Amino acid sequence: MNEFEMNKMLATVEIVAINVKGRHWLVAGSGFDSAHTLLDKVWKTLLDGADRIAETVRVLGKVPEWDSEIWAKTSYVQLDKSITSRESQNNVDEFLRTTRDELNKVIAIIHTHIEGKDVDPTFESDLTAFTSELRHHILFLDGAIMDWAYAE
């Protein structure tokens, strides 16, 4: 995998993490405790995954992208600006569903690269461990919204 693709993957994970943290801060009302806690766990997993990706970029002698403006421009997932609208705030179901969908996108992107055989075996192990953690969170997100939509 080339430096651009690795940084695009990093950007995607970071943008999803920003989206999840925003939802975490704005969730309120019914289901607050469980949704707030779950979104925080997802956010921490995303940050750990981003760190693994960035460290691998660095080990390969490249420079990991660290500019959030560039992340926003290169990510496969866009910043979720809808969470700031009055209609969207406190919509726990929408927050959990959108988070689940974004995690499924991250998993699909990573597995596309793995299937393309363009990932170093050690990095592949790190990525599959990361996607396994994301799938674990998806089970809880699906359970909370009672909508089982499995990753591709």
Side-chain angles (χ1 to χ4, degrees), residues 1-27 34-60 62-84 88 91-152:
M1 179 182 309
N2 66 38
E3 180 180 8
F4 173 77
E5 285 300 321
M6 291 180 80
N7 273 320
K8 190 167 182 168
M9 185 186 305
L10 175 61
T12 302
V13 173
E14 288 287 357
I15 291 298
V16 171
I18 290 168
N19 288 344
V20 170
K21 195 59 167 185
R23 294 178 195 121
H24 162 85
W25 286 331
L26 294 174
V27 73
S34 58
H36 188 77
T37 301
L38 179 55
L39 291 172
D40 198 47
K41 289 178 182 178
V42 171
W43 174 72
K44 289 174 183 173
T45 298
L46 288 163
L47 291 184
D48 287 344
D51 196 49
R52 288 184 223 163
I53 294 167
E55 288 171 355
T56 301
V57 171
R58 194 68 193 122
V59 165
L60 295 173
K62 308 298 182 190
V63 178
E65 187 53 64
W66 55 269
D67 185 326
S68 60
E69 289 180 22
I70 293 176
W71 292 340
K73 291 176 186 171
T74 60
S75 172
Y76 289 103
V77 174
Q78 298 305 307
L79 279 171
D80 186 357
K81 304 275 186 170
S82 71
I83 61 175
T84 59
S88 180
N91 190 338
V92 175
D93 189 61
E94 178 186 331
F95 287 173
L96 298 180
R97 192 177 301 278
T98 304
T99 297
R100 186 267 321 268
D101 293 346
E102 288 177 351
L103 296 183
N104 277 326
K105 285 181 186 176
V106 169
I107 291 168
I109 291 161
I110 289 172
H111 284 270
T112 296
H113 284 291
I114 290 172
E115 290 167 8
K117 306 284 187 217
D118 60 348
V119 176
D120 172 86
T122 303
F123 188 40
E124 180 179 337
S125 294
D126 288 343
L127 290 175
T128 55
F130 174 47
T131 60
S132 179
E133 291 176 62
L134 295 179
R135 286 178 194 270
H136 179 79
H137 292 308
I138 288 169
L139 285 173
F140 287 94
L141 290 163
D142 282 343
I145 59 178
M146 300 209 177
D147 177 21
W148 306 96
Y150 299 103
E152 297 176 12

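Residue numbers run from 1 in the order of the sequence given. Since the structure is predicted, the reported quantities are computational estimates derived from the model, not experimental observations.
Rounding to the nearest 0.5 Å places CG of Asp101 at 9.0 Å from CD1 of Ile138. Expressed to the nearest 0.5 Å, how far CD1 of Ile18 lies from CH2 of Trp43 amounts to 11.0 Å. To the nearest 0.5 Å, atom CG of residue Leu10 and atom CD of residue Glu3 are 11.0 Å apart.
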As a quick check of understanding, evaluate side chain to side chain contact (heavy atoms under 4.5 Å, CB included) for Val20 and Arg23, giving each step before the final call. CA-CA 5 Å; Val20 170; Arg23 294 178 195 121; 4.0 Å; yes
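Under the rule for a side-chain hydrogen bond (donor to acceptor under 3.5 Å, both in side chains), Thr74 has no partner lying at least two apart in sequence or in another chain. Every residue two or more places apart in sequence or in another chain that forms a side-chain contact (heavy atoms from CB on, under 4.5 Å) with Ile110 is listed here: Met9, Val106, Ile114, Leu127, Phe130, Thr131. Qualifying salt bridge (charged side-chain N to carboxylate O under 4.0 Å, His left out) partners for Lys41, counting only residues two or more places apart in sequence or in other chains: none.
Nearest heavy atom pair, residue Leu79 against residue Ile15, reads N-CG2, 3.8 Å. The two residues Ala144 and Leu96 make their nearest non-hydrogen contact at CB-CD1, 3.6 Å. Closest approach of Pro64 and Val57 over heavy atoms only: N-CG1, 3.5 Å. Of all non-hydrogen atoms in Thr12 and Ser75, the two that sit nearest each other are CA-OG, 3.2 Å.
The side-chain hydrogen bond (donor to acceptor under 3.5 Å, both in side chains) analysis of residues 49-58, with sequence neighbours excluded, yields the pairs Arg52-Glu133. Sorted by first then second residue, the side-chain hydrogen bond (donor to acceptor under 3.5 Å, both in side chains) pairs that include residues 119-128, not counting sequence neighbours, number zero. Judged as a salt bridge (charged side-chain N to carboxylate O under 4.0 Å, His left out), the pairs with a partner in residues 10-21 (not counting sequence neighbours) are, in order, Lys21-Asp40. Applying the salt bridge (charged side-chain N to carboxylate O under 4.0 Å, His left out) definition to pairs two or more places apart or across chains, none involves residues 106-116. Among residues at least two apart or in separate chains, ring pair (Phe, Tyr, Trp, His ring centres under 6.0 Å) pairs with a member in residues 2-25 are His24-His36. Within the structure, the salt bridge (charged side-chain N to carboxylate O under 4.0 Å, His left out) test picks out no pair touching residues 62-73 (sequence neighbours left out).
Taking the side chain as every heavy atom from C-beta outward, Ile53 and Phe123 approach each other to under 4.5 Å. A heavy-atom distance below 4.5 Å is not found between the side chains of Arg100 and Leu103.
Screening Leu46, Leu39, Asp80, Asn19 against Thr99 for a side-chain contact (heavy atoms from CB on, under 4.5 Å) leaves a single residue, Leu39.
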